[in-house]
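The structure appears right after this line, and notes come after that.
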Amino acid sequence: MSETEYYNVADIFGENVFNDAVMRERLPKKTYQKLREVIENGRELDLETADVVAHEMKEWAIEKGATHYTHWFQPLTGVTAEKHDSFITAPMPNGKVLMSFSGKELIKGEPDASSFPSGGLRATFEARGYTAWDCTSPAFVRQDAAGATLCIPTAFCSYTGEALDQKTPLLRSMEAINVQALRLLKLFGNTTSKKVTPSVGPEQEYFIVDRKKYLQRKDLIFTGRTLFGAMPPKGQEMDDHYFGSIRERIAAYMRDVNKELWKLGVSAKTQHNEVAPAQHELAPIYAEANIAVDHNQLVMETLKKVAGRHGLQCLLHEKPFAGVNGSGKHNNWSITTDDGINLLDPGKTPHENVQFLLVLTCVLKAVDIHADLLRESAADVGNDHRLGANEAPPAIISVYLGEQLQDVMAQLINTGAATHSLKGSILETGVKTLPDFMKDATDRNRTSPFAFTGNKFEFRMVGSQDSIAQPNVVLNTIVAEAFAEACDILEKADDFNTAVHDLIKQYATEHQRIVFNGNGYSDEWVEGEAVRRGLPNIKSMVDAIPALNTEKAVALFEKFGVFTKAELDSRVEIEYETYAKEINIEAKAMIDIASKQIIPAVIKYTTALANSVNAIKAACADADISVQTELLNETSDLLSETKLALAKLVDVTEQGSSMEEGREQAVYYRDVVKNAMDALRAPVDKLEMIVDKDMWPMPSYGDLIFEV
């Protein structure tokens, strides 16, 4: 993008999306109405209608320069996948080709499923898998160096129907909460709302480094994080990067990212510097959950793609640098009706809003009962470096309600009725030229993993490189269960008003242990109060995984048709394998770097130092070489420690690789291999502070995070 290029956001927003406006304009009225019925009411799309939609979608895409189409899906790899097919048909007798795209091709694709993670649902030799068009998420044209491609968001399942992706269970969970929320609304006399949809706004944190420096770090290339690295003299302690002025090179990159996203209909709204040097954040406006999931994948792909054009590299790992804050992804979740009612909006007098109080206490119940599942939904290898490390929420699930709702809950628990709500007050700045204004009745708590923030819940545990599908599947399903159980009681009540007040008090009382407004980082909470309350503290991904297929979890997900037991068992197997494989890659990368780069560099340095000592001795026998000798001895000792630690890591990694895949192997990698990695890193990081910078084989932390 040139420095002088200007554009109107309104003119380009969604220009590469086959959205409702495009469909309304291009499709015959009857076809458009049928498609809208499918999107809004979940009906099956007939092939005749699909053929018309496919033809117009193809024509529109060709006008955008597209030559190929792809079913764009989200397998259990954490990233997206696609297989491209051109629009051309078999050549005609005159040697020309036609461009065609049928309804059958739009609705169903058949990518090879054999090499995607299946957790035993598919044998390697069983290759057939299907992609099915998710017509609730609009198709789009992606333009890049490869040209233009029509991307069709799809679900992905096996030949026998099991979900092999992130999208399918998400759509199932959205239907579950829709059905149960409509039941609840009907009890309160709402007969106008026809659909309830979870809405999500995920905040995306990321690091940006210079690409040339990145390419000199094999650890970043292979694993996404630095496996070695001494802290520079300055880190984030001055807080001068946080919300600071955005550097021109980064601002130019952000401008390019925004333009790409806006053209794809992603409503990128907020951008700023985050707390760690070289760390930034991008946040969109809310969207329906499945669209938000698709958009977040586009955000991550665009951040990485555009970085290359600017000579930069985007790092999405949760902890690319030890010693500075890592990156998360705050999942802002709410539930809204098709006619604009936010079920999590307390209104001006929350104590009088009985429907809101029931919804709120149902959420508290859901989070309390299924805290283990919610914790598991944010579990990944990189996130283990963040959670509980005083830079992200603790690994203990708790809910922050704020002073206003906490007071309402206390009234309900203590007296059975809430008679008032705390009000916001005038904030007086003490400066005459600044206006006084109303402050909110509640502050925010950045240490809470699950915080109520006005009219939504912010689940702050999710890792920066993770799909947001899994946490939203869990949130949708556990809240659907709580709604269903409340409705089962209230639908049988003789006196609804009495029954609903009693139920709100019951839920508030039984699940008050999950509510915590204090400092989630404090030892008093983690080691004292949370333990007293009996809240689980699940510290690692390996310990979180079993929550997926407990009897409680299987009953929950099967009741609402979100997962079968076989699908849950498969995901457990995949996650254990993923953990072991990622740590194995990190260990092998450390072995490679230490063997081929670090040890040779240190030997070169010690040889040069020893030659210098000998040269000084030869020139002047009485010269004081105590400093050089001490430095040589210290470096040699650390080199010896490095060699021993390297040998140990090689040994334990080989043992881990030979183990059968599963929980035992994952535990071994966490407890044995990871400790051996830490033991190798310790002397190497000390050596980095001694060895001549010109001889050190890779850019330092300071080079990476301050020289962008």
Side-chain angles (χ1 to χ4, degrees), residues 198 200-205 274-275 281 283 318-319 325-334 344 360 363-380 382-402 405-406 409 442-454 456-479 482 511-541 543-545 547:
V200 179
E203 305 166 27
Q204 179 69 56
E205 295 177 345
E274 255 299 332
V275 66
E281 181 178 297
E318 285 78 13
K319 193 73 171 181
N325 276 17
S327 297
K329 181 148 50 188
H330 299 173
N331 187 87
N332 295 282
W333 179 88
S334 62
L344 287 173
L360 177 68
V363 173
L364 294 181
K365 174 185 176 180
V367 174
D368 187 20
I369 291 174
H370 297 291
D372 57 341
L373 268 179
L374 202 54
R375 166 67 180 89
E376 199 286 329
S377 74
D380 71 32
N383 225 11
D384 277 3
H385 296 285
R386 291 178 59 246
L387 298 182
N390 286 8
E391 63 175 63
I396 303 165
I397 297 285
S398 65
V399 178
Y400 171 79
L401 291 181
L405 293 183
Q406 175 78 1
M409 290 294 106
T442 291
D443 200 351
R444 289 192 174 182
N445 187 328
R446 308 309 292 173
T447 71
S448 175
F450 198 76
F452 186 77
T453 54
K456 58 182 170 38
F457 277 102
E458 183 179 24
F459 184 40
R460 302 181 62 246
M461 273 188 167
V462 187
S464 53
Q465 63 183 335
D466 264 7
S467 165
I468 59 169
Q470 179 79 349
N472 286 295
V473 167
V474 171
L475 273 172
N476 295 342
T477 311
I478 64 177
V479 173
H511 303 288
Q512 60 182 306
R513 71 169 187 163
I514 201 71
V515 178
F516 178 64
N517 280 3
N519 181 7
Y521 292 166
S522 70
D523 292 338
E524 291 79 11
W525 166 247
V526 174
E527 299 173 8
E529 179 65 15
V531 175
R532 185 190 67 77
R533 296 188 187 192
L535 300 178
N537 185 0
I538 303 172
K539 297 182 179 180
S540 76
M541 176 182 175
D543 290 335
I545 293 170

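The model shown is predicted, which means the values in this text are computed figures rather than measured ones.
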Would Glu524 and Asn519 count as a side-chain contact (heavy atoms from CB on, under 4.5 Å) if you check the C-alpha gap in whole Å, the side-chain angles of each, and the deciding distance to 0.1 Å? CA-CA 9 Å; Glu524 291 79 11; Asn519 181 7; over 6 Å; no

Sorted by chain and number, sequence neighbours left out, side chain to side chain donor-acceptor pair (under 3.5 Å) with Ser398 holds for none

Contact summary for Asp380 and Gln465, nearest pair of heavy atoms: OD2-CG, 4.5 Å

Please step through side-chain contact (heavy atoms from CB on, under 4.5 Å) for the pair Ile538 and Asp372, ending with a clear verdict. CA-CA 8 Å; Ile538 303 172; Asp372 57 341; 4.0 Å; yes

First locate atom OG1 of Thr477, then atom NE2 of His370, and finally report the distance between them rounded to the nearest 0.5 Å. 9.0 Å

Gln470/Glu376 under side-chain contact (heavy atoms from CB on, under 4.5 Å): CA gap, chis, key distance, verdict: CA-CA 9 Å; Gln470 179 79 349; Glu376 199 286 329; 3.4 Å; yes

Does Ile514 reach the side chain of Leu535, with side-chain heavy atoms less than 4.5 Å apart? yes

Gap separating the CG atom of Asn472 from the CZ atom of Phe459, nearest 0.5 angstrom: 9.5 Å

Between Glu318 and Asp466, the two heavy atoms sitting closest are OE2-N, 4.0 Å

To the nearest 0.5 angstrom, please state how far the CZ atom of Arg460 sits from the CG atom of Asn332. 10.0 Å

Between Glu205, Glu281, Glu458, which is the residue that forms a side-chain hydrogen bond (donor to acceptor under 3.5 Å, both in side chains) with His330? Glu458

Strictly distance-based, threshold 3.5 Å: is any side-chain N or O of Asn537 a donor or acceptor partner for the main-chain N or O of Ala395? no

Is there a side-chain contact (heavy atoms from CB on, under 4.5 Å) between Val363 and Val399 once you walk through the steps? CA-CA 10 Å; Val363 173; Val399 178; over 6 Å; no

Please check if the side chain of Thr447 supplies one atom and the backbone of Gly520 the other of a donor-acceptor pair under 3.5 Å. yes

Do Trp333 and Pro198 touch side chain to side chain, with heavy atoms closer than 4.5 Å? yes

So, for Ser464 and Gln204, which heavy atoms are closest and what is the spacing to 0.1 Å? O-NE2, 2.8 Å

Taking all non-hydrogen atoms of both residues into account, name the closest pair between Leu401 and Leu405 and its distance. O-CB, 3.8 Å

Excluding sequence neighbours, so at least two apart, what forms ring-ring contact (aromatic ring centres under 6.0 Å, His included) with Phe457? Phe450, Phe452

Tell me the salt bridge (Lys or Arg N to Asp or Glu O under 4.0 Å) pairs involving residues 513-523, sequence neighbours left out? Asp368-Arg513

Minimum heavy-atom separation for Pro449 and Ile397, please, with both atom names. CG-CA, 4.0 Å

Polar side-chain atom of Asn383 near backbone of Ala378 as donor-acceptor pair, under 3.5 Å: yes

Heavy atoms of Val462 and Pro471 approach each other most closely as CG2-CG, 3.9 Å

Does Lys329 reach the main-chain N or O of Pro202 with its side chain, forming a donor-acceptor pair under 3.5 Å? no

Met461 side chain near Leu374 side chain, heavy-atom distance below 4.5 Å: no

Counting N and O atoms only, with roles assigned by atom type, does the side chain of Arg386 sit under 3.5 Å from a partner on the main chain of Lys319, one being a donor and the other an acceptor? no

Does the Arg533 side chain pair with the main chain of Val515, one donor and one acceptor, at a distance under 3.5 Å? yes

Could you check whether any side-chain N or O of Asp384 sits under 3.5 Å from a backbone N or O of Met541, counting only pairs where one atom can act as donor and the other as acceptor? yes

